[in-house]
Amino acid sequence: MTDTKKRSKTIPEIRDDDVRPDLSSLTQAERIFFKFGGVPRLVFILESIGRPRHSSALYRWLKPKSRGELAGLVPQSAWPDIFAAAKSD
C-alpha cells in the first residue's frame, strides 16, 4: 500500500460551512450518514469501536430497490452497531 492510500488515524472533521439539508426529505440511510458526517467517518467510528463494516456494505443501503438493494433502508442487523457508534461519538 502506498503512503497516499493509507487510512488516516484521525476521524475526518466536518466543516462548519457544510450545507444542512432538510432531513425529512432524506432516506433513513442518508440521515444516518449525514449525522455521522458521511460514510467514511461512520466506517472509521465502527472500526474504532471494534464493529467493522466495509464501506461498500454501507453504500449498498443507498442503492435503489430495482437493483435488488435496500433503497435507503438500514438493515436491522446494523442497528446495534449504529447505536454503539452513536454512544461512542
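Quantities reported herein were computed from a predicted structural model and do not represent experimental measurements.
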| task | Compare every heavy atom of Leu42 with every heavy atom of Ala85, then report the nearest pair and how far apart it is. | result |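 Ala85 and Leu42 have their closest heavy atoms at CB-CD1, 4.3 Å.
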
| message | Minimum heavy-atom separation for Val74 and Ala29, please, with both atom names. | response |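 Smallest interatomic distance, heavy atoms only, reads CG2-CA, 3.8 Å.
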
Would you call [X] and [Y] a side-chain contact if the rule is heavy atoms closer than 4.5 Å?
{"X": "Trp79", "Y": "Ile32", "value": "yes"}
{"X": "Leu26", "Y": "Phe33", "value": "no"}
{"X": "Ile82", "Y": "Phe36", "value": "yes"}
{"X": "Leu46", "Y": "Pro52", "value": "no"}

Say whether, by atom type as modelled, one donor and one acceptor occur between the side chain of [X] and the main chain of [Y] under 3.5 angstrom.
{"X": "Arg60", "Y": "Ser55", "value": "no"}
{"X": "Gln28", "Y": "Leu73", "value": "no"}
{"X": "Glu30", "Y": "Thr27", "value": "yes"}

| task | State the OG-CZ distance between Ser77 and Arg53, to the nearest 0.5 angstrom. | result |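 Rounded to the nearest 0.5 Å, the OG-CZ separation comes to 5.0 Å.
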
| request: Please round to the nearest 0.5 Å and tell me the distance separating atom CD1 of Ile45 and atom CG of Asp81. | output: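 That separation rounds to 12.5 Å.
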
| said: Applying a strict under-4.5 Å side-chain criterion to I, L, V, M, F, W and Y, I'd like to know whether Tyr59 and Val43 cluster together. | reply: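 Result: yes, single cluster for both.
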
